[in-house]
Amino acid sequence: MAAFAASLSRDCPALPMSVRVLASGMEDRLQQDDLWETLLARANDGDGAAFARFLHIVTPTLRAVIRRRGGGLPPDQHEDILQEVLLAIHLKRQTWRRDAPVRPWLYALTRYKVVDAFRKRGATVTLPIEEFADVLPEENAAVPLTDRDTEVMLGLIDARSAGLVRAVALDGKSAEEAGASLGLSAGATRVVLHRAMRRLSGFAERMMK
Amino acid sequence: MTTRQTTDDLIRDLAARPAPARFHPTAAAGGMASLAALGLGLFFAGLGLRADMAGAWQHLAVQAKTVLPALLSVIAIWLALRSARPEGHIKAWPLAVPIAAALALALQRLVVADGPRLAELMGNTAMACLASITLLSALPLAAGIVLLRRAAPTRPVQTGALLGIAVGAFVAGGYALHCTEDSPLFFVSWYGMAIGLVGASGAYLGHRFLRW
């Protein structure tokens, strides 16, 4: 198909200009599709660099899709949605069939995740809070998560992790400092912290429900 | 721009992860069919095929009791697996073919039956039929849902329902070889209800477990 389009635009100068432009546009797009498909196929065979390139190449297209559908949401959430889509592309990349064109697969996946993302954020219109900052009362500031809630949740994870979270997240120490007092390396501390935060956010999600 | 940076970080992070497990539609279908066949095999080993199998198979209604569910099962699993890919949009009308044939058979029986039709519809083993088909479907359906978590259906409820119909119909077609109630009024109603129940369970499980 790509070869056909190329030969059409090269060998037939007699064709009207518009047809030749159309054919060469088609050719570009087909070559682009070939590249996308090659990259994703190599990625699925375990080539990480190819996968990174694939994600970089499709990102502008994904951004455009999200912008087009994302009228109701502030632009700063678009990047979050983009990241959700990128993660989904990774998790579901093996569902692309090599003999099938990549574009319909990618668009369908993106559409699903974008719709899902908007649904999760609710159909409510989000307005930038800054415009209302001086109208809103101050006293609600600390309501969502009280100190008591924090202590309850920290009680749910093991003492060592809870201590680290308290030191880093609440007392503002660095990971190195907090880990040193427990005899952990900076790397190990970050791993423990990361796991603890993930468990805590899981609890928090359940508590919200 | 900080957001731009984190997206690049995310891409780097994703690229460093190993490629996830592959989705094999034929293996999924094969696994479910084997589990369902195994369940039916144990069922037959315990309770046996119908004693008059050879003679009864001459009748169209007896053949339809196995062939129509089998056909429904094949169509449903084919549609379920196609709907399990993001770009796979399916048309569900092929399911109507075996269903319409079954309804026509029941309607025809309703017209020509000479005895009390309600008694014929209720039969003697309706509860055993419902219980056997739904219970024998549970394990293969659960396995199918687990296997399809690797897939990416954009309509998880639909995919789950199709999976349920496929399993329920497969089991119903096998159960028919044990069941001696040959009136289409009976088997279209009760097999249909059992397949519907399994399909509804599949839809629920799809909603719960096939979203991604």
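All heavy atoms count here, side chains included; hydrogens, waters and symmetry mates do not. Bear in mind that the values here come from a model prediction, so they are computed numbers and not experimental data. First the proteins, then the strands, lettered A, B, ... as listed; each starts at 1.
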Top contributor to chain A contacts, counting heavy-atom pairs under 4.5 Å, from B:Ala19, B:Pro18, B:Gly88: B:Ala19
Atom group of B:Ala21 that falls short of 4.5 Å from chain A, counting heavy atoms: backbone
Residue pair B:Arg211 / A:Tyr112, side-chain heavy-atom distance below 4.5 Å: yes
Distance, nearest 0.5 Å, that separates NZ of A:Lys92 from OG1 of B:Thr154: 12.0 Å
B:Arg22 to A:Asp45 - nearest heavy-atom pair and separation: NH2-OD1, 4.0 Å
A:His56 side, atom NE2; B:Thr7 side, atom OG1 - distance, nearest 0.5 Å: 9.5 Å
Which atoms of B:Arg85 approach chain A - backbone, side chain, both or neither, heavy atom under 4.5 Å: side chain
Validation row: A:Trp105, B:Glu87 side chains within 4.5 angstrom (heavy atoms): yes
A:Ala49 portion near chain B, given a 4.5 angstrom heavy-atom threshold: neither
Neighbour count >12 (heavy atoms, 6.0 Å) for atom CZ, B:Phe44: yes
Side chain / backbone / both / neither for A:Leu82 at chain B, heavy atoms under 4.5 Å: side chain
Side chain to side chain contact (heavy atoms under 4.5 Å, CB included) partner of B:Trp212, chosen from A:Asp116, A:Leu91, A:Leu109: A:Leu109
Contact summary for B:Pro86 and A:Ala108, nearest pair of heavy atoms: O-CB, 3.2 Å
Per-residue contact mode, B:Arg150 against chain A (heavy atom under 4.5 angstrom): backbone
Residue part contacting chain B, namely of A:Leu87, when any heavy atom lies under 4.5 Å: both
Taking every non-hydrogen atom, the tightest pair across A:Arg93 and B:Pro20: NE-CD, 3.6 Å
Side chain / backbone / both / neither for B:Ala16 at chain A, heavy atoms under 4.5 Å: neither
Close side-chain approach of B:Ile11 and A:Thr59, heavy atoms under 4.5 Å: yes
CZ/B:Arg149: more than 12 non-hydrogen atoms of other groups inside 6.0 Å: no
Chain A contact via B:Pro156 - side chain, backbone, both or neither, heavy atoms under 4.5 Å: side chain
Within 6.0 angstrom of A:Arg103 CZ, more than 12 heavy atoms from elsewhere: yes
